Protein chains: 4
Amino acid sequence: MVTRVVVWNEFIHERENETVRGIYPNGIHGAIAAALAGDPALSISTATLDQPEHGLDAARLATTDVLFWWGHKAHGAVEDAVVDRVVQRVHEGMGLMVLHSGHFSKIFKRITGAPCALRWREAGERERLWVIDPAHPIARGLPPSILLPSSEMYGEPFVVPEPDETVFISWYEGGEVFRSGLTFRRGAGRIFYFGPGHETYPIYHDPLIGAVLRNAAHWARNPAPAWTDVASAPNVPVEQAPEPLAPRGPSLHAPGQEGYR
Amino acid sequence: MVTRVVVWNEFIHERENETVRGIYPNGIHGAIAAALAGDPALSISTATLDQPEHGLDAARLATTDVLFWWGHKAHGAVEDAVVDRVVQRVHEGMGLMVLHSGHFSKIFKRITGAPCALRWREAGERERLWVIDPAHPIARGLPPSILLPSSEMYGEPFVVPEPDETVFISWYEGGEVFRSGLTFRRGAGRIFYFGPGHETYPIYHDPLIGAVLRNAAHWARNPAPAWTDVASAPNVPVEQAPEPLAPRGPSLHAPGQEGYR
Amino acid sequence: MVTRVVVWNEFIHERENETVRGIYPNGIHGAIAAALAGDPALSISTATLDQPEHGLDAARLATTDVLFWWGHKAHGAVEDAVVDRVVQRVHEGMGLMVLHSGHFSKIFKRITGAPCALRWREAGERERLWVIDPAHPIARGLPPSILLPSSEMYGEPFVVPEPDETVFISWYEGGEVFRSGLTFRRGAGRIFYFGPGHETYPIYHDPLIGAVLRNAAHWARNPAPAWTDVASAPNVPVEQAPEPLAPRGPSLHAPGQEGYR
Amino acid sequence: MVTRVVVWNEFIHERENETVRGIYPNGIHGAIAAALAGDPALSISTATLDQPEHGLDAARLATTDVLFWWGHKAHGAVEDAVVDRVVQRVHEGMGLMVLHSGHFSKIFKRITGAPCALRWREAGERERLWVIDPAHPIARGLPPSILLPSSEMYGEPFVVPEPDETVFISWYEGGEVFRSGLTFRRGAGRIFYFGPGHETYPIYHDPLIGAVLRNAAHWARNPAPAWTDVASAPNVPVEQAPEPLAPRGPSLHAPGQEGYR
């Protein structure tokens with residue numbers, strides 16, 4: 001069973017900034033796709049902001065098992081209709097990997113219901129990602145910690161809901177800490193937020209970061225059939241109640257009428 | 001320390017439907033306010049959809065500790081600007097009580113990030129609310145279960161995030177179950193979803209339901225000062241890093257520049 | 001990758017009580033093993049209280065991926081040394097399925113840290129198991145609810161820690177509810193409590209209950225290597241600190257000394 | 001409503017080790033009691049290992065609202081009967097504050113069901129406690145982080161159950177991180193684990209640490225009456241079922257008989 005992954009990137013810094021282009025000549029999405037490509041159980045494609053419907057039309061999302069999301073400068077340019085569609089697909093069971101500055105994407109704010117704020121500093125300092133939960137599938141095969149020689153600091157408080165699981169916590173040279181690997185579930189969808197990935201450092205070329213991304217892709221994949229009516233609120237008519245039931249009292253809805261929403 | 005409560009109601013059924021008006025001649029908000037009024041530590045006012053800004057202008061929300069929300073027929077008529085304002089205030093620390101059909105309100109879907117769907121049946125059947133967590137502040141002084149002689153059935157799956165705490169689970173005569181009392185937190189705000197409260201039954205006149213609402217108002221109140229910058233993402237300049245730090249490597253942002261969002 | 005399952009049963013009622021023996025002539029463990037046997041990815045054996053070390057010597061536990069536990073009358077007869085060994089193996093990554101009256105087993109009380117109390121009634125009443133979380137692997141392929149024509153009532157409050165996930169909630173003819181499918185994690189081990197399974201009803205012969213047991217066996221299996229030093233507290237000497245460090249101040253422990261426990 | 005606090009200490013290092021005695025001439029319990037004494041809503045007493053029943057007889061525990069626990073060298077010397085009694089009182093609603101090396105106490109291992117292991121280093125390095133959840137009652141009035149100039153390093157993985165809430169995460173000079181403030185609930189009892197407090201550094205004299213301890217004492221107090229039958233499993237006879245019920249099928253227990261445990 002191959003997991004179909006789409007790596008989405010706003011793909012702006014790489015075209016506007018020479019430093020970033022030097023690090024990611026094929027785009028950040030290209031580097032992530034290359035990191036995932038080592039795994040034959042993953043089938044990988046990419047999508048970018050500038051494509052029609054940002055490369056995420058309904059037919060494509062319907063056949064996507066796991067979506068990686070990298071955005072930073074253009075969160076506001078992502079169309080609400082595409083956001084709605086992605087959120088609906090997560091509820092139906094598509095996995096979602098939110099990367100680095102994606103913490104402020106419309107999608108992550110929508111799916112968490114939280115401000116998703118944090119503190120930050122761009123100083124090329126050391127980051128150490130500690131594995132908090134070594135038995136978690138996302139941590140499979142990793143050493144106790146991963147050293148990133150240069151990273152952007154993301155610091156607490158990270159204003160997200162209490163996560164289902166904390167997989168990584170980061171230490172920074174400058175003195176801060178950050179919950180850099182968190183899992184959530186919404187409907188049938190599994191969500192993983194992963195902190196590392198600043199565009200001015202070659203983080204997605206790091207083999208251990210690649211291992212995390214591959215592990216996460218497998219973890220996020222829900223093999224169940226899509227829960228397509230996850231947002232419906234069906235009426236259960238009296239005659240279909242599990243137990244025999246004689247209706248009584250006043251009623252607002254006529255029999256068979258749909259509920260309000 | 002008095003807790004300032006605003007009870008919000010769309011206030012439509014009571015004006016359009018004679019049955020509902022007969023049960024709630026002062027509106028559902030009036031009945032809830034009356035149930036809360038027994039508690040001198042609560043200061044209660046009401047607001048409705050038809051008021052300017054739905055009765056929830058910024059100044060009023062800023063002085064509200066806990067907001068009760070009852071809506072059903074007119075979820076779509078609630079202005080997005082008011083929704084944004086309420087969600088922001090919850091993140092800052094305002095408590096939120098989402099009642100009954102409010103499960104499909106814009107506010108609850110936004111704050112949970114989930115579809116919030118469920119099954120339903122309007123047959124006047126018996127509901128028994130079981131106290132799952134008798135040590136919880138919201139359950140203070142309650143018997144093991146509360147009997148509602150006539151209620152609307154709300155059934156599982158209730159597609160919300162795994163809650164922080166499950167306080168009540170309901171049994172229905174027709175054979176279904178429902179997690180009818182759930183807590184969540186977002187930012188500094190505490191959220192309680194409470195299932196009972198269908199408009200064609202006199203549920204808010206029940207003294208035990210009143211006790212739950214009073215308990216919940218106290219539980220939801222966060223006495224901390226409002227966390228007004230909960231959604232900001234401040235830069236921590238290198239010279240303010242807790243540990244001495246020499247910046248290195250390339251940088252996207254100029255010193256002092258704001259981050260993207 | 002075959003999952004090695006051991007089904008443990010105290011195996012007393014079936015020898016002492018004719019009714020139970022009539023329903024489970026090969027023992028409850030035999031019926032559970034038969035229900036699991038349909039799945040070629042599971043390798044199944046059984047163990048009982050009367051065997052040396054209750055059939056759970058260290059070598060056998062070391063090669064067990066998932067342990068099913070059925071006990072009722074003889075919780076007190078289970079040796080503490082075996083309990084310790086099982087708990088250690090769960091921490092290392094062995095899955096644990098706690099069935100029905102196993103809620104009061106030494107193992108479940110130890111692993112949850114809670115009283116694990118509940119209410120009960122043995123009246124052969126109808127139980128409906130509702131799937132609360134249809135996207136969960138344990139619910140794969142199940143209908144919205146499972147009807148047990150005769151069951152023992154287990155009622156709330158079920159005094160366990162707030163679970164990681166609530167998979168099933170049961171409705172009873174007599175008016176109660178019960179969280180009958182709950183997941184927990186401890187160390188590397190996944191734990192599933194499953195309510196149905198009273199000895200005087202043929203519940204383990206029900207094909208849908210068998211499907212739950214098979215799903216749960218797969219879910220509980222942690223493919224990571226055993227975390228054998230999960231309970232160790234290693235000293236990290238100063239010279240092995242990730243960052244260069246000059247020790248300062250007084251110290252209680254001599255260099256290289258083990259910590260207290 | 002005054003909260004009755006008992007500060008328990010094994011009180012060995014202070015008598016055996018001159019350095020520790022110099023820092024805590026009145027014992028660690030004395031320093032903690034002094035830190036709490038600033039709050040008139042707390043009534044404070046102390047207890048130590050060498051007292052009869054370790055100073056924790058049943059009558060005293062019955063009138064204790066919150067118990068602080070500091071132990072290190074003599075975990076094994078704490079009598080199991082006292083451990084059972086403390087755990088039972090936590091289930092009934094007594095708050096429990098587990099401090100520093102208390103992570104390996106019998107009580108904490110029993111109440112969490114986990115190994116509670118961690119890594120450690122005694123090098124007098126800097127620790128920064130970051131407030132992860134500024135809106136939590138335990139963080140009231142605190143700055144974004146607390147600096148401890150000299151501390152023992154406690155590092156991840158900290159093998160405890162996924163906590164209800166993460167309040168503090170610590171940064172260490174030597175490169176590690178640690179979840180140093182975690183909440184749990186068991187029965188009616190609230191538990192807070194707090195990392196700082198090594199005996200060779202004057203941490204409990206720090207005013208901000210004192211503020212955390214006072215906040216935590218108030219948070220942990222459950223004002224509900226003690227849930228004294230939290231561990232009982234009452235039979236609900238057929239004639240007391242909420243819904244009329246005709247028993248059917250075979251039964252193991254005679255009417256009125258107690259359940260097995």
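Computation of the quantities below employed the complete heavy-atom set of this structure, encompassing side-chain atoms and omitting hydrogens, waters and symmetry-equivalent molecules. By convention in this document, chain letters (A, B, ...) are assigned in the order of the sequence lines, proteins followed by strands, and residues within each chain are numbered from 1. Small disclaimer: the values here were computed from a predicted structure and weren't measured.
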Report the donor-acceptor contacts between chain D and chain A below 3.5 Å as a table, one pair per row.
| residue | atom | partner | partner atom | Å |
| --- | --- | --- | --- | --- |
| D:W130 | NE1 | A:G175 | O | 2.9 |
| D:E162 | OE2 | A:T166 | N | 3.3 |
| D:T166 | N | A:E162 | OE2 | 3.3 |
| D:W171 | NE1 | A:Y172 | O | 2.7 |
| D:Y172 | O | A:W171 | NE1 | 2.7 |
| D:G175 | O | A:W130 | NE1 | 2.9 |

Rounded to the nearest 0.5 Å, what separates atom CD1 in A:I132 from atom CZ in D:F158? 11.5 Å
Below 4.5 Å from any heavy atom of chain D, which atoms of A:V131 appear? Answer side chain, backbone, both or neither. backbone
